[in-house]
Amino acid sequence: MQRETILVIGANGQIGTALLPQLQAQFGINQVIAADLRKPSSETGIFEILDATKPEALTDIVRRYRVTQIYHLAAILSAKGESDPLWAWNLNMQTVLNVLEISRLHNIRKLFIPSSIAAFGEHAPKYETPQTAILDPATVYGISKVAAENWSLYYHKRYGLDVRSLRYPGVISHQSMPGGGTTDYAVAIFHEAVQGNSFDCFLAEDTRLPMIYMDDALRATMELMNAPESQISVRTSYNLAGMSFTPAELTESIQTHFPDFVTHYKPDFRQAIAESWPKTIDDSVARQDWGWKAAFDLSRMTHEMITNLTAVYQ
Ligand code: NAD
């Protein structure tokens, strides 16, 4: 079997921080190159500073390490992107196009470029949103994700690039803080709860959104990337579901551990973004193609988050 060398771009982020150890375990610590704009506070393994908007810098790393697979995680997320739409568009698109083009030129064997539930907008069905629902996103982030999905399909069809993707729901994790998305409240709430504080929620109490626990998100990523090419029928991006809940339901779930925990609701500009997104996702195509099945529901995720974060704050 050919030895793989994996480049993770945007490795210091919420998903990269948790994905790196899994890739290091599968491929070997010296076969995984983490890259980001700045050095992380603690490093395990190989790290390179990289601005992925610069094609020469990306090419240099791909050549130097003879990279065979790329996980492109760098992006400006939904809420942060709205503060400066053209900056978010330029960064998201430039990095995706650089990664696609450099992958083609340097015979990258497999490429992962995640999408998001933010690719859906006003006219997609809100419940059990199907794989092929219309994509009319309300945010610049969503527009960049739809464009990236279509460019990925184009590179697959035109150049045979093995590019794979998941439309992640809001990812909930204890390893690091999220990077400016509309589902960030579902992580921040646990940090307040385990410290004995109340929580100010930027979404209304009945705002249902699709979410996924990090362990499930990582397993989905690894299962998708390890699946034989013959099992991959979707080259835009696969719908992926974990669980769906409202802030009120999450608060109730936390109250089973901390009965005095209170959430105050102070919706801001992120409420409109959340309302443009699906409430539940139909991921039957991922189930059929490569056997996806989520393992974490709301109560299991709540238990895991509280156990892990209690250990951090002790
Ligand atoms: P994040 O914001 O936590 O991390 C992104 C990382 O990219 C940061 O460490 C940042 O420094 C880095 N970065 C930014 N610009 C860069 C550049 N020019 N060059 C190199 N690195 C750069 O994001 P995340 O939550 O880890 O998300 C990873 C991917 O998953 C993104 O494509 C995101 O859109 C997607 N996604 C995430 C979620 C979620 O809930 N976390 C949900 C849906 C989709």
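In each ligand, atom 1 is the first atom listed, and ligand 1 is the first ligand listed. Quick note: numbers below take in every heavy atom, side chains included, and nothing from hydrogens, waters or symmetry partners. Numbers here are sequence positions counted from 1.
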- Any sub-3.5 Å donor-acceptor pair from Asn239's side-chain atoms to Thr129's backbone N or O? yes
- Which heavy atom of the protein is the closest neighbour of atom 4 (O) of ligand 1, given with residue, atom name and distance? Gly13 CA, 3.1 Å
- Message: List ligand 1 atoms under 4.0 Å from Gly170, heavy atoms only on the residue side.
- Response: 40 (O)
- Report the nearest protein non-hydrogen atom to atom 28 (C) of ligand 1: residue, atom name, distance rounded to 0.1 Å. Leu73 O, 3.2 Å
- With heavy atoms of Asp51 as the reference, note each atom of ligand 1 found under 4.0 Å away. 17 (C), 18 (N), 19 (N)
- Item | Heavy atom of the protein closest to atom 8 (C) of ligand 1 (residue, atom name, distance) | Asp36 OD2, 3.6 Å
- Message: Is Pro178 close enough to touch ligand 1? Criterion: a residue heavy atom under 4.0 Å from a ligand atom.
- Response: no
- For ligand 1, which atoms have a heavy atom of Ala75 less than 4.0 angstrom away? 31 (C), 32 (O), 34 (O)
- Message: Any non-hydrogen side-chain atom of Ile108 less than 4.5 Å from a side-chain atom of Val67?
- Response: yes
- Query: Is Asp162 paired with Arg164 through a side-chain N to carboxylate O contact shorter than 4.0 Å?
  - Reply: yes
- Message: Please work out, at 4.0 Å between heavy atoms, whether the side chain, the backbone, both, or neither of Ala11 comes within that distance of ligand 1.
- Response: neither
- Query: How does Leu50 reach ligand 1, by side chain, by backbone, by both or by neither, if only non-hydrogen atoms under 4.0 Å count?
  - Reply: backbone
- Does some non-hydrogen atom of Pro169 fall short of 4.0 Å from ligand 1? yes
- Where does the angle between the aromatic ring planes of His303 and His257 fall among parallel (under 30°), tilted (30 to 60°) and perpendicular (over 60°)? tilted
- In terms of side-chain heavy atoms, does Thr263 have a donor or acceptor partner in Glu205 at a distance below 3.5 Å? no
- Task: State the atoms of ligand 1, each with its element, that fall below the 4.0 Å cut-off from a heavy-atom position in Ala74.
- Result: 7 (O), 13 (N), 16 (C), 21 (N), 22 (C)
- Provide, to 0.1 Å, the distance between atom 14 (C) of ligand 1 and the closest protein heavy atom, together with that atom's residue and name. Leu37 CD1, 3.9 Å
- Message: Taking 4.0 angstrom as the limit and counting only heavy atoms of Ser115, give me the atoms of ligand 1 inside it, by number and element.
- Response: 43 (C), 44 (C)
- Do Thr95 and His72 have side-chain N/O donor and acceptor atoms under 3.5 Å apart? yes
- Note on the structure: Heavy-atom proximity to atom 37 (C) of ligand 1, picking from Thr17, Ile15, Ile49, points to Ile15
- Item | Heavy-atom donor-acceptor pair, Arg235 side chain to Val163 backbone, under 3.5 Å | yes
- Kindly confirm or rule out an N or O of Gln14 lying under 3.5 angstrom from an N or O of ligand 1. yes
- Between Glu101 and Tyr155, is any side-chain donor less than 3.5 angstrom from a side-chain acceptor? yes
- Message: As a check for students: among Val171, Ile9, Ile117, Thr182, identify the option with a heavy atom nearest to atom 39 (C) of ligand 1.
- Response: Val171
- Query: Would you say Thr95 has any N or O atom under 3.5 Å from an N or O of ligand 1, going by distance alone?
  - Reply: no
- Query: Under a heavy-atom criterion of less than 4.0 Å, does Lys145 contact ligand 1?
  - Reply: yes
- Applying a 4.0 Å heavy-atom criterion (strictly less than), which segment of Arg167 is in contact with ligand 1: side chain, backbone, both, or neither? neither
- Query: Would you say the side chains of Thr221 and Tyr168 form a donor-acceptor pair under 3.5 Å?
  - Reply: yes
- Message: Between the side chains of Asp297 and Arg300, is the shortest nitrogen-to-carboxylate-oxygen separation below 4.0 Å, so that they form an ion pair?
- Response: no
- What protein heavy atom sits nearest atom 35 (C) of ligand 1, and how far away is it? Tyr141 OH, 3.9 Å
- Query: Just checking, is any N or O donor in the side chain of Glu149 or Ser165 under 3.5 Å from an acceptor N or O on the other one?
  - Reply: no
- Task: Report yes or no: does Gly181 have a heavy atom closer than 4.0 Å to ligand 1?
- Result: no
- Give a yes or no on whether the backbone of Asn12 and the side-chain of Thr17 come within a donor-acceptor separation of less than 3.5 Å. yes
- Message: Using a 4.0 Å cutoff against the non-hydrogen atoms of Ala52, which atoms of ligand 1 qualify?
- Response: 17 (C), 18 (N), 19 (N), 20 (C)
- Message: Could you tell me if Thr182 and Ser78 have a donor-acceptor pair between their side chains, going purely by distance under 3.5 Å?
- Response: yes
- Message: I'd like to know if the side chain of Thr280 pairs up with that of Glu128 as donor and acceptor (distance under 3.5 Å, no hydrogens or angles considered).
- Response: yes
- Message: Closer than 4.0 Å to some heavy atom of Ser116 - which atoms of ligand 1 meet that?
- Response: 43 (C), 44 (C)
- Which of the atoms of ligand 1 are close to Gly179, meaning less than 4.0 Å from one of its heavy atoms? 2 (O), 3 (O)
